[in-house]
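Right, one structure below, let's go through it.
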Amino acid sequence: MGFGVTTMKDQISRLENEAKEELARADSFETIESFRVAYLGKKGKLTELFKQLGTVSAEEKKSVGAELNRLKQWLEEAVEKGKGNVPQANAFRETFDETLPGVQPPKGSIHILQQTIQEISAIFNRMGFEIVEGPEIETEFHNFTALNIPLDHPSRDAFDTFYTPQGQLLRSQTSTVQIRVMKDRKPPLRIIAPGRVYRPDTVDASHSFMFHQIEGLMVDGSVTFSDLKGVLHLFLRELFGAQTKIRFRPHFFPFTEPSVEVDIQWGKGWLEILGAGSVDPNVFQEVGYDKAVTKGFAFGLGVERIAMLCHGINDIRHFYENDLRFLRQF
Ligand code: PHE
């Protein structure tokens with residue numbers, strides 16, 4: 001049936017011309033999209049021609065089918081290309097309502113322990129102390145020996161934490177950083193070292209196997225015990241207020257001599273806040289300083305303790321549980 005074929009082929013070429021003209025005029029995402037629906041959609045013009053393929057004789061079906069497929073492919077490519085060329089803003093504007101309120105991403109905040117470390121560091125910064133850090137996995141040398149704590153010293157018990165098979169351990173005090181800095185540098189030194197420490201302690205409301213300390217160290221040829229008193233006095237008044245009363249009590253630490261514990265007046269009583277003292281000459285010797293002429297002081301304080309006092313927190317475990325109801329208060 002030659003007639004049917006001619007008609008089909010005519011129809012196809014007419015449709016092709018029509019489509020080309022129409023597409024040349026389509027200059028927006030929307031018009032190209034309606035063009036696509038008009039030709040390639042379920043009831044589109046080309047789709048209708050495909051449906052007529054059944055009426056074409058068997059011997060001509062192949063060439064007509066090929067023509068239809070060629071046009072279909074051309075149309076699909078033209079639509080694709082056209083959509084890529086027009087400004088997308090038109091399509092976007094249809095679905096984007098700029099007057100609606102946006103989605104607010106959840107906002108985090110700085111952990112109260114970190115805030116406390118920053119507050120304390122800022123006070124010492126103003127007095128010229130530089131902030132340094134040391135590793136949490138330490139050698140026995142930095143954690144004990146260099147700090148004048150011999151192998152058989154009883155105070156090791158409270159400091160014996162987790163050892164690695166290589167004989168290193170989780171540091172039990174930030175005093176390790178004193179040793180690292182002094183071995184690295186020459187006086188004068190003024191540093192503070194915040195960080196985590198570990199203890200073989202059973203967890204309860206006031207103990208944790210991990211907590212935070214801030215170590216302080218000042219070294220040069222003329223540092224005296226009065227400098228220690230002056231610096232700590234100023235620090236504690238900055239932190240707790242100008243009226244704060246302070247008390248120095250004699251104490252013992254292997255790496256300072258003389259040593260003190262420092263209390264602040266709290267209500268009717270006194271509260272221990274930190275440990276301190278003049279650096280023991282044996283420590284200077286361990287790090288290779290001349291112990292006859294080097295002078296210095298060191299101190300160490302517990303961050304959790306101070307945060308608990310400042311904010312009325314009654315259980316140390318709150319710091320580590322990541323309960324947002326607790327954390328959001330600060
Ligand atoms: N390292 C001591 C402790 O953890 C504190 C301290 C530091 C004391 C420096 C004196 C000097 O208890």
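In listed order, ligands and their atoms are each counted from 1.
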Hey, could you give me each pair passing side-chain hydrogen bond (donor to acceptor under 3.5 Å, both in side chains) that has a residue in residues 296-318? Not counting sequence neighbours.
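Output for this query lists His212-Glu304, Glu304-Tyr320, Asp315-Arg317.
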Does Lys83 pair with Glu33 as a salt bridge, N-O distance under 4.0 Å?
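Yes, this pair counts.
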In plain terms, say whether Arg156 and Glu140 are close enough for a salt bridge, that is, a side-chain N and a carboxylate O under 4.0 Å apart.
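Result for this pair is yes, salt bridge flagged.
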Pairing residues for Ile131 by the side-chain contact (heavy atoms from CB on, under 4.5 Å) criterion, not counting sequence neighbours
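With neighbours one apart ignored, the set is Ser121, Asn125, Ile192, Pro194.
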What are the atom names and distances for all N or O pairs under 3.5 Å between ligand 1 and the protein?
unit_1, atom_1, unit_2, atom_2, d
ligand 1, 1 (N), Gln173, OE1, 2.8
ligand 1, 1 (N), Ser175, OG, 3.0
ligand 1, 4 (O), Arg199, NH2, 3.0
ligand 1, 4 (O), Gln213, NE2, 2.9

Centroid-to-centroid, Phe124 to Phe235, below 6.0 Å?
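Close enough - the centres of the two rings lie under 6.0 Å apart.
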Quick one: salt bridge (Lys or Arg N to Asp or Glu O under 4.0 Å) pairs with a partner in residues 241-261, sequence neighbours left out?
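Sorted pair list: Arg247-Asp263, Arg249-Glu261, Arg249-Asp263.
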